[in-house]
Amino acid sequence: MKLLLKIWRQKNNDSKGKLVEYPISGIEGDMSFLEMLDVLNQELIEKGEEPVVFDHDCREGICGSCSLQINGEPHGPDRLITTCQLHMRKFNDGDTIVIEPFRATAFPVIKDLMIDRSAFDRIQQAGGYISVNTSGNTVDANAIPVEKDKADASFNAATCIGCGACVAACKNASAMLFTSAKVSQFALLPQGQVEAAERVQNMVRQMDLEGFGNCTNTGACEVECPKGISLENIARMNREYLTASARG
Amino acid sequence: MALSGLFLVFFLGQHATINLSSVISPETFNSWSHFMGYNPVVQYILQPILIAGVIVHFVMGIVLELQNRKARNVRYAQYKGGANAPWVSRNMILTGLVVLAFLGLHFYDFWVPEMAYKYIEANPEDPTRYHHELVEKFLSPARVGIYVVSFVLLALHLWHGFASSFQSMGVNNKYSPAIRNFTRLYAIVVPLIFIFIALYHHFNHTH
Ligand code: HEM
Ligand code: SF4
Ligand code: FES
């Protein structure tokens, strides 16, 4: 397969970036999108040029680091997958593929396609935990009974891998889907009740401080999320937030 | 946003009901209009609340839009918005601003003359004037055209906005599909009523 890649190159956060064209050939349909970029980088290295910097780690859809905007969509045209799980057979010979970093003011570019998503870490740190004494007398979580549907909904929320595709897809660069998943996974469990009110308020405050946009319910995040995190989580977070604020 | 939007949706339904009476019975329309125009609760309590509601809604809408633009300081070279979200949901500011422009004209057409008639010129009460004042407004094809286009855009605004306000208030449960159907029906029917009224008076007026 022969392709024309248009890749965002940017030296560092202070410099202005631009799209650079790279024709590439010999791409197999069974290659993953990241393997295709590996092939390109190998060619660039052999030519003595600087390889394209992109984030990746697990290459099996669980770490959430392979954040690429491909032809105008996070993680490319396929659904419920990350970029590392995207196969080149989804493209046709002769295609032009535009590859950009996920764009949000809160996700500054480090270099080329690699972005700094530590804003998500700070949202997590603001309340995405429960306080348990772990010094030798930890109680098994299974000792507390939980209704099956709540346990399932909590587990589903917990499958969020923090990739940032929701922010990247959203026309407002809103982080509501991510934050609501992190709020929901605890809000649905008895262990999460103790800190429920502060949790939602602190996490939402941090989300706003980071400069993410506001949710206008377009639903783009849910469609692009590789883990199928549902908009129900955003409604749940809105509920939690409204009741927490009403109680003061 | 959601509360002010819902309030406006509620008002819109009430407004459509009164206006519809102008097609059915001029007498009913005159008496309802006269009641709305001279009842102190409506005039001094509900009317200011309504105006405040409109202002809160569009000012918040514009602030929201500005914040959201700031949240993405570098634009995408390629952005496929249509791949994951409907057009109406992505263009609320556009449909909203057209409705706002329409409200400007609408205030100029009805509210300003009404205020002048009652409070500046201090004319006596005339419970029969409303119907012919209304009909005269719809003589102009340009005005009728603007009204029709504006209400189509209002329908688009509500198609997304009415259902969206439930999600904003945290309502997403087994009733949500039913709520969505109802809100979308409302989003189409209510603007259609206004369009029908404008066209009816335009074409039924005997010169
Ligand atoms: C009488 C007319 C109007 C009605 C009935 C109405 C109704 C609504 C409703 C129900 C919402 C949803 C709230 C939510 O999602 O939480 C909404 C959102 C919005 N409205 Fe309006 N609106 C009207 C006029 C306007 C005007 C004049 C503007 C001017 C800028 C405007 C701009 C917006 C914006 C920007 C949003 C939020 C975007 C979104 O939720 O996607 N609206 N409106
Ligand atoms: S909610 Fe989905 S898209 Fe957003 S960070 Fe989590 S896994 Fe990624
Ligand atoms: S590299 Fe880990 S999810 Fe893609």
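Order of the sequence lines fixes the chain letters, A, B, ..., with proteins taken first and strands second; residue numbering starts at 1 for each chain. Side-chain atoms are counted along with the backbone in the values below, which use heavy atoms only and exclude waters and symmetry mates.
At a 4.5 Å heavy-atom cutoff, the contact between A:Q69 and chain B is made by side-chain atoms alone. In this structure, chain B has no heavy atom under 4.5 Å from any part of A:C221. Residue B:R75 touches chain A through its backbone alone, counting heavy-atom pairs closer than 4.5 Å. Looking at A:P77, there are no atoms closer than 4.5 Å to chain B (heavy atoms on both sides), in backbone or side chain. When heavy atoms are compared at a cutoff of 4.5 Å, A:L19 approaches chain B solely by way of its side chain, counted from C-beta outward.
Under the ring pair (Phe, Tyr, Trp, His ring centres under 6.0 Å) test applied with B:Y147, the options B:F102, B:F194, B:F196 reduce to a single match, B:F102. Checked against A:N202 for a side chain to side chain donor-acceptor pair (under 3.5 Å), the options A:R205, A:E198, A:R199 give a single hit: A:R205.
Judged by distance alone, with hydrogens and angles left aside, the side-chain atoms of B:N30 form a donor-acceptor pair with the main-chain N or O of B:H131 at under 3.5 Å. With hydrogens and angles ignored, the 3.5 Å screen pairs a side-chain donor or acceptor of A:E100 with a backbone N or O of B:A77.
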Review point. Which is it for A:K90 and A:D78 under the salt bridge (charged side-chain N to carboxylate O under 4.0 Å, His left out) test, yes or no, and what are the steps along the way?
Key: CA-CA 8 Å; A:K90 295 283 164 189; A:D78 218 353; 3.6 Å; yes
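Between chain B and the options A:T243, A:N214, A:V223, the largest number of non-hydrogen pairs under 4.5 Å is found for A:N214. Comparing A:G213, A:A173, A:A169, A:S174 by how many heavy-atom pairs each has under 4.5 Å with chain B, the most go to A:A173. Comparing A:V167, A:L231, A:V109, A:N172 by how many heavy-atom pairs each has under 4.5 Å with chain B, the most go to A:N172. Contact tally against chain A (heavy-atom pairs below 4.5 Å) for B:M169, B:K70, B:K80, B:R72: the top residue is B:R72. With respect to chain B, the highest number of heavy-atom pairs below 4.5 Å among A:N71, A:L242, A:V98 belongs to A:N71.
Salt-bridge check for B:R69 with B:E65: passed, with a basic side-chain N closer than 4.0 Å to an acidic carboxylate O.
More than 12 heavy-atom neighbours from other residues, nucleotides or ligands sit within 6.0 angstrom of OH on B:Y119.
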